[in-house]
Amino acid sequence: MIFPQFREICEQHCPNHSIGNADTASNLVEFPVKSNCSHMRASTFFLSTLKEAPAEAEVVSHQLMLRAGLIKRLAGGIYTWMPMGLRVVRKVEAIVREEMNRAGAVELLMPSVQPAELWQESGRWQKYGPELLRIKDRHDRAFCIGPTHEEVITDVARRDLRSYRQLPMHFYQIQTKFRDEIRPRFGVMRGREFVMKDGYSFHASYEDLQHEYMKMHETYSRIFTRLGLRFRAVSADTGSIGGTGSHEFHVLAESGEDAIAYCPSSDYAANIELAEAIPTSDRPGPGKETITERATPGKTKCQEVAEYLGLPLQLLVKSIAIVRESNDAGTSPEFALVLLRGDHDLNEIKASRVMGPFRFASDEEINTNMSCKPGYIGPARAGAIPIFADRSVMAMRDFACGANKVGFHFTGVNWGTGDLPDISADRIADFRNVKSGDPSPDGRGILEIVRGIEVGHIFQLRTQYSQMMKATFLDKNGVAQPFEMGCYGIGITRIVGAAIEQGHDDRGIVFPAAIAPFTIALVPVGYHKSDAVRSAADSMYRELEQCGFDVILDDRDERPGVMFADMELLGIPHRITIGERGLKQQIVEYQSRPDREPRHLPVQDAVGELRSILC
RNA sequence: CGGGGUGUAGCGCAGCCUGGUAGCGCGCCUGGUUUGGGACCAGGAUGUCGUAGGUUCAAAUCCUAUCACCCCGACCA
């Protein structure tokens, strides 16, 4: 039986469908009702644009995504991908999937709810903090919502990979993860729920793992290149694993949460947290000045003190009061000072590597231990307080620091004096972030700092999980060996935000063509008034579709300004405007997204011209 | 966690200080006029003022609690 109304609906909405094959009931399944039509008319798709950005959005990508109706917030850090936004996500996924498959990885899909037992086995049930969302089922059994899938995939491997003959094997999935972030922000870039591609490879040897790692480095570079993003692969070596252990892929953007140190004259690039600050000079000769107490009323920041005393910032020492946490060995919390040069910043990761876990001391603790307020504390005449110092501080002489007396600083302070005895070598280390102008750790130039958004991370896990979870295979000699493992992640949904952060102007989003929700916007002016415009628009639409372009026909009964503004806000890279005025001269207008000046194309060549522009 | 801020129509906001029962812009609906860069005119719909309690003749407004969201967290800017 045929439903005639379907045909009517379809004819109404789909100017280019063929109705011939719908004449028999057997073809009903294939009947091209609206949901089966790939083509898109704005009047029947879903657009929801806003002139003003909701107040919750802080960064430009978040504001634009909300304004363009790509996402809607459901709860903190949790968003619905609206139809237009989903199209972008799907395009990112498609490229990632294609390249992963090309590289020989095999897709699977793991559950997002995972039993606690697996996490207890790997030890992460305890180690993972409150970021891990733990839940219980009706039988009071513990589960978590997976923030990552090492445990599950290792379980898969231990069950199904038994022989070296099955190796190497690389599984990946594109799946929704949940991490209960302390402070979700920036919309989709730091959400709690997000879509990620995560892959895990299993190898019989470390050499083989390294091959796969290199291949993934290349694959990721291909992916981000295809996505049309300006990116940089940076070393994120943790040191504990060594070698080429870990790389992050960052999309370069001003608003990025991470700072990247790179050397323009070599290929060195590293997350600032890991880039070593090379000491520039040795221990200085003896100081020329003697310690002097100077009044610095109300001046608590290095910058203020330096200006007030008329000293360069590099001659100040900042003292950061910290408390070393008690550890498993049973040591009690210890109050200490960490010294940095006035123009340097503390690197918490480097610091905790030297002195273990620590936190910043409260004002109270500072008062208890030093009888002083923050802003005026310092290492000189500080009694028995343990002192740690960045290497660059040890190269200073005749410097200034807090006098441990509210409203006063010392000048002319020197190491190795009665006022400030030398400290032992194990308390001198690299404690600071590198800054622009520092020498590159590879000795081949000067570092510069750029900001980036981490969108990919590749990591050599080695046998960490396979050993913990007893995941082994039999080698050639029939001996059980733990798998060498690698893991490789790409933040699918974060990429959408990052791409917008990198591509936007005062009119809205400027999507890279590869991930724009549509490639071409067809904007007819007077579609509902002029037969000439409508038939020209419909036939061009049909032709463009047949060429395989992702085209949206804006057939809404709106004023041209509204349609132009919406298509620009959405970041559609190419636009064809068809109007009665142009048709009289047999022309249409073509304009690409960032440009402001249209080009005239003859109506009959327009599609051909577009093909040569786009292909 | 600690500190600060904000919750009023779908979105952006005013009203709160000095209690008297809710308003503006955008959007939405109807009719008309418009139609190449977010139109105009006329009419219209929409709120348990985040929630719960309290004070009061009377609470968006004052008090208490609570929830949600946003921002900040070092001798960082």
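Letters go in sequence order (proteins before strands), and every chain restarts at 1. No hydrogens, no waters, no symmetry mates; every other heavy atom, side chains included, goes into these values.
Rounding to whole angstrom units, CZ of residue A:Phe431 and C1' of B:C75 are separated by 17 Å. Summarising the geometry, the separation between CZ on A:Arg556 and P on B:G27 is reported as 13 Å, rounded to the nearest angstrom. Between the CG atom of A:Leu64 and the P atom of B:C11 there is a distance of 18 Å, given to the nearest Å. Nucleotide B:C28 holds its P atom 14 Å from the CD atom of A:Glu52, rounded to whole Å. One interatomic measurement links the two molecules: CG of A:Asp180 to P of B:C1, which rounds to 12 Å at whole-angstrom precision. Rounded to whole Å, the distance from CZ on A:Arg67 to C1' on B:C26 is 12 Å. A straight line from CG of A:Leu66 to P of B:C70 spans 11 Å, rounded to a whole angstrom. One atom, CG of A:Asp554, and another, C1' of B:G38, lie 13 Å apart when rounded to the nearest Å.
Comparing atom distances between the A:Leu50 side chain and each of B:C11, B:A77, B:G37 picks out B:C11 as nearest. Minimum atom distance to the side chain of A:Lys51 is reached by B:G38, of the listed B:U35, B:G38, B:C76. In the set B:G36, B:A74, B:C71, the nucleotide with an atom closest to the side chain of A:Pro560 is B:G36. Among B:U35, B:G37, B:G12, the nucleotide with an atom closest to any side-chain atom of A:Ala55 is B:G12. Of the candidate nucleotides B:G37, B:C75, B:G36, B:C75 has the atom nearest to the side chain of A:Ile377. The A:Thr577 side chain lies nearest to B:G36 when the options are B:G38, B:C71, B:G36. Of the candidates B:C76, B:A74, B:G37, B:C76 carries the atom nearest the A:Cys302 side chain, counting heavy atoms from C-beta on. Comparing atom distances between the A:Lys318 side chain and each of B:U34, B:C75, B:A74 picks out B:C75 as nearest. For A:Arg581, whose side chain is taken as the heavy atoms from C-beta onward, the closest listed nucleotide among B:C71, B:G36, B:A74 is B:G36. If you check B:C75, B:A74, B:C70 against the side chain of A:Leu346, the one that comes closest is B:A74.
Pairing for B:G2 is with B:C72, a Watson-Crick or G-U wobble pair whose two hydrogen-bonding atom distances lie under 3.5 Å. The nucleotide B:U55 finds no pairing partner, because no Watson-Crick or G-U wobble arrangement with both distances shorter than 3.5 Å includes it. With a 3.5 Å ceiling on both atom-pair distances, B:U48 lacks any Watson-Crick or G-U wobble partner. Across the strands present, B:G37 finds no partner; the criterion is a Watson-Crick or G-U wobble pair with both atom distances under 3.5 angstrom. Base pairing annotation: B:U61 forms no Watson-Crick or G-U wobble pair, as no partner gives both donor-acceptor distances under 3.5 Å. Under the Watson-Crick or G-U wobble criterion, with both distances below 3.5 Å, B:A77 is left unpaired in every strand shown. Base pairing annotation: B:U18 forms no Watson-Crick or G-U wobble pair, as no partner gives both donor-acceptor distances under 3.5 Å. Shown here, B:C24 forms a base pair with B:G12; the pair counts as Watson-Crick or G-U wobble because both key distances fall under 3.5 Å.
Ring pair A:His574/A:Tyr590 is parallel by interplanar angle, where below 30° counts as parallel and above 60° as perpendicular.
Residue contacts for A:Ala321: at a heavy-atom cut-off of 4.0 Å it reaches no nucleic acid atom on any strand shown. Heavy atoms of A:Glu558 sit nowhere under 4.0 angstrom from any nucleic acid atom. Residue contacts shown for A:Gly375 include a base, since a base heavy atom lies under 4.0 Å away.
Salt-bridge annotation for A:Glu276 and A:Arg391: present, with a side-chain N of the basic residue lying under 4.0 Å from a carboxylate O of the acidic one.
The separation of B:U48 from B:C11, taken at their P atoms, amounts to 12 Å, rounded to a whole angstrom. For B:U55 and B:C63, the P atoms lie 15 Å apart once the distance is rounded to whole Å. For the C1' atoms, the distance from B:G5 to B:G20 is 30 Å, rounded to whole Å. Only the C1' atoms considered, B:C71 is 38 Å distant from B:C29, to the nearest whole Å. To the nearest whole angstrom, the two C1' atoms, one in B:G23 and one in B:A9, are 11 Å apart.
In terms of phosphate contacts, A:Lys301 brings no side-chain nitrogen or oxygen within less than 4.0 Å of OP1 or OP2 of B:A74. Taking side-chain N and O atoms only, A:Arg559 has a distance below 4.0 Å to OP1 or OP2 of B:A39.
If you take OG on A:Ser440 and CD1 on A:Ile278, they are separated by 8.0 Å, rounding to the nearest 0.5 Å.
A donor-acceptor pair shorter than 3.5 Å can be found between the side chains of A:Asn433 and A:Asn347. For the residue pair A:Tyr527 / A:Asp538, a side-chain donor-acceptor distance below 3.5 Å is found, with atom types taken as modelled. For A:Ser436 and A:Glu448, the side-chain atoms include no donor-acceptor pair closer than 3.5 Å.
Taking 3.5 Å as the limit, the base of B:G37 and the side chain of A:Arg575 contain a donor-acceptor pair of atoms between them. Taking only distance into account, the side chain of A:Glu568 never meets the base of B:G38 through a donor-acceptor pair shorter than 3.5 Å.
Both tests do not hold together for A:Arg324 against A:Phe358: distance to the six-membered ring centre under 6.0 Å, angle to the ring axis within 45°. For A:Arg134 and A:Trp125, the positive end sits near the middle of the six-membered ring, less than 6.0 Å away and at most 45° from its axis.
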